[in-house]
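The block underneath contains the structure these notes are about, expressed in structure tokens.
Side-chain atoms are counted along with the backbone in the values below, which use heavy atoms only and exclude waters and symmetry mates. Per chain, numbering begins at 1; letters A, B, ... match sequence-line order.
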There are 2 protein chains.
Amino acid sequence: MATVSRVVNNNPNVKPQTRKKVFEAIERLGYRPNAVARGLASKKTTTVGVVIPDISNSIFSEVARGIEDIANMYHYNIILCNADKKKEKEIRVINTLLEKQVDGLLFMGGAVTEDHIQAFKTSSVPVVLCATADEQRVIPSVDIDHEKAAFDAVNVLLQSGHTKIAMISGTLQDPANGYARYQGYRKALEAANIPIDEDYVRIGNYRYESGMDVTKHFLELDERPTAIFAATDEMAIGAIHSLQDSGLRVPEEMSVISVDNIRMASMVRPQLTTVAQPMYDIGAVAMRLLTKLMNKETKDASELTQVILPHEVIHRNSVAQRS
Amino acid sequence: MATVSRVVNNNPNVKPQTRKKVFEAIERLGYRPNAVARGLASKKTTTVGVVIPDISNSIFSEVARGIEDIANMYHYNIILCNADKKKEKEIRVINTLLEKQVDGLLFMGGAVTEDHIQAFKTSSVPVVLCATADEQRVIPSVDIDHEKAAFDAVNVLLQSGHTKIAMISGTLQDPANGYARYQGYRKALEAANIPIDEDYVRIGNYRYESGMDVTKHFLELDERPTAIFAATDEMAIGAIHSLQDSGLRVPEEMSVISVDNIRMASMVRPQLTTVAQPMYDIGAVAMRLLTKLMNKETKDASELTQVILPHEVIHRNSVAQRS
DNA sequence: CTGTTAGCGCGTTCAC
DNA sequence: GTGAACGCGCTAACAG
């Protein structure tokens with residue numbers, strides 16, 4: 001019994017000959033170790049929980065792939081739960097994941113509230129936030145600087161001579177994709193001494209159709225913008241098509257830029273100029289950080305565990321010099 | 001001890017007053033049931049394994065969402081494993097999933113070989129194939145009729161007066177997206193008494209770029225096709241852009257159709273005419289079937305468990321009457 | 001309706 | 001280098 005355990009777990013204290021015999025028996029009997037029993041005895045399940053807003057959204061599915069690849073590399077499996085950024089659902093799945101004794105938790109969601117933090121604290125397993133961060137910055141996280149990314153995007157427009165720049169924003173309740181990117185827009189304009197025109201800001205819901213709708217509104221303005229900054233690529237693509245459907249040429253008559261760099265960005269005409277957010281890497285780095293935390297290779301929570309990944313402007317064909 | 005177990009598991013044999021006291025104690029102590037211990041004792045983990053080729057591929061991530069929604073509804077969680085259609089990796093994850101004592105398995109992959117079936121058999125938990133099927137049709141599965149879907153797509157072209165129809169196929173080793181769709185193409189042409197021209201068939205790798213490359217090849221032919229049937233939407237979109245980049249108008253000068261109906265299909269110009277495959281439903285129905293099998297509500301494997309979901313031609317703007 | 005007793009299949013001492 | 005004994009936290013029978 002114990003010797004078999006040693007063999008299966010690669011414990012060196014086994015005579016090679018015995019080891020061989022055990023392996024033969026394993027083969028002959030079709031023995032398969034029971035990971036549940038092992039988990040109970042060893043208090044480790046080699047499983048991590050990941051809560052994600054929506055796996056069918058390409059942004060998150062790329063992050064998920066990054067997570068799974070690294071998890072795999074360290075011999076972890078992942079339990080995946082969609083929570084649609086609904087706080088109540090998020091808390092619920094965090095609890096069931098904890099009941100299942102996951103060795104760690106990766107959280108991707110909307111705002112990280114005090115209730116979330118309480119839920120995390122009821123367990124002793126490490127938590128890493130992925131593509132979000134709590135306001136107090138007390139929980140380890142990996143993300144990009146959304147505000148700076150938006151700032152850089154708007155700057156591209158500014159440097160191309162645009163001054164009438166509209167924004168298709170996400171909801172300001174959303175800290176990362178919504179609020180932070182809006183702040184980046186404001187600050188870029190302020191830095192250029194351009195007053196904010198409230199008519200130039202409209203809230204979308206991140207979807208293609210909403211990008212189209214908001215854009216139509218901009219076209220009805222007395223003083224049309226000459227460029228549009230969308231908080232996300234999907235809305236930007238909606239904007240481009242709305243523009244084209246109205247007979248406007250992009251980028252000649254209207255420039256469009258956004259943040260994300262989803263795969264589709266290079267699969268539309270004109271190809272979308274955007275600020276790339278390294279989705280796969282965010283997942284991969286977050287998972288790597290979690291493995292360190294699970295092995296206690298690093299302090300529980302310190303500034304060192306707040307990682308900001310770099311973003312990058314990808315120049316394609318949806319931005320032109322203002323005519 | 002036992003009474004607590006009854007309360008937690010909603011066993012009716014508990015006096016309401018006692019139940020209340022137990023709940024209070026649970027609250028006060030911050031007790032959280034250990035699902036691993038429960039799994040060991042009850043031999044049920046309320047967890048199902050899902051092996052998927054690549055979660056970052058939008059086709060599969062939609063299926064995954066369907067799976068997870070239904071799993072959630074029946075209080076199951078899912079362990080997700082990417083296997084990239086690599087047989088060796090597939091077999092490996094099937095085994096680790098089985099070691100983790102999942103209550104059932106959902107398999108999405110490339111070909112289902114004898115080795116796969118052997119691996120499934122080493123465990124007694126039910127297996128459902130998702131968007132694939134084994135040749136012998138012995139394992140429960142849910143999918144569409146790929147051959148018929150391709151047949152219908154090519155027929156749309158035929159009925160629009162096209163006779164010179166090229167195909168961007170997937171590899172013929174791939175039973176569903178590759179071989180079956182190619183067969184549908186052949187049969188549609190045969191039914192219309194059009195001989196197969198081998199120059200009109202080229203293999204792509206399902207990606208956008210490959211759709212572009214293959215299309216360039218078709219344009220170099222002495223006798224150009226007037227329409228292209230792509231095995232998947234992504235390659236079709238590549239084809240459209242390749243055509244447009246060469247100065248051809250779609251659909252006026254070349255029609256394009258495919259199978260899948262990924263979200264992007266309606267997010268390109270012209271919008272893609274395609275045969276819709278109900279990705280979300282395939283996942284949802286497969287998971288539902290699996291729950292029935294896990295509860296032994298239905299026979300282990302019978303013809304009843306081979307479900308074929310309907311597909312549907314979505315007419316958009318990439319196909320025109322032959323001029 | 002409630003408490004007692006055995007396992008579930010493993011890892012981990014501790015002797016040998 | 002190997003085996004025996006115990007316990008992980010819970011469910012499932014069985015008494016009471």
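- To the nearest angstrom, C1' of dG9(C) lies 14 Å from CD1 of I26(A).
- Contacts of N13(B) with the nucleic acid, taken as non-hydrogen atoms under 4.0 Å apart, include base atoms.
- When each of dG9(C), dA4(D), dC1(C) is scored by its nearest atom to the side-chain atoms of K43(B), the top-ranked nucleotide is dG9(C).
- Taking only distance into account, the side chain of R6(B) meets the base of dG3(C) through a donor-acceptor pair shorter than 3.5 Å.
- Atom pair N11(B):CG and dA13(D):P shows a separation of 12 Å (rounding to whole Å applied).
- Taking atom CG of residue N34(B) and atom C1' of nucleotide dC8(D), one finds them 8 Å apart after rounding to whole Å.
- DNA chain C is contacted by both A41(B) and V14(B); V14(B) maps to the nucleotide lying nearer its 5′ end (nearest heavy atom per residue).
- Toward the 5' end of DNA chain C, the nearer of the two residues P12(B) and S42(B), judged by each one's closest nucleotide, is P12(B).
- Which of dC10(D), dT12(C), dC1(C) sits closest to the side chain of P33(B) comes down to dC10(D).
- With 3.5 Å as the limit, one finds a donor-acceptor pair spanning the side chains of T47(A) and K100(B).
- At the phosphate of dG11(C), OP1 or OP2 sits under 4.0 Å from a side-chain N or O atom of N9(A).
- If you run side chain to side chain contact (heavy atoms under 4.5 Å, CB included) between M108(B) and each of V51(B), V63(B), D143(B), only V63(B) comes through.
- Closest contact between the side chain of L40(A) and the listed nucleotides dA12(D), dT2(D), dC8(D) involves dC8(D).
- Judged purely by distance below 3.5 Å, without hydrogens or angles, the side chains of E62(A) and S56(B) never pair a donor atom with an acceptor atom.
- Nearest nucleotide to the side chain of R38(B), out of dT11(D), dT2(C), dG9(C): dT11(D).
- A donor-acceptor contact closer than 3.5 angstrom is absent between the side chains of N13(A) and R6(A).
- A straight line from CG of L29(A) to P of dG9(C) spans 14 Å, rounded to a whole angstrom.
- Atom CD of E99(B) is separated from atom P of dG11(C) by 11 Å (rounded to the nearest Å).
- To the nearest angstrom, C1' of dC8(D) lies 11 Å from CD of Q101(A).
- Y280(B) and D69(B) form a side-chain donor-acceptor contact under 3.5 Å, judged by distance and modelled atom types alone.
- Atom NZ in K44(A) sits about 22 Å away from atom P in dG9(C), given to the nearest Å.
- T3(B) has a side-chain polar atom (N or O) that falls below the 4.0 Å cut-off from OP1 or OP2 of dG3(C).
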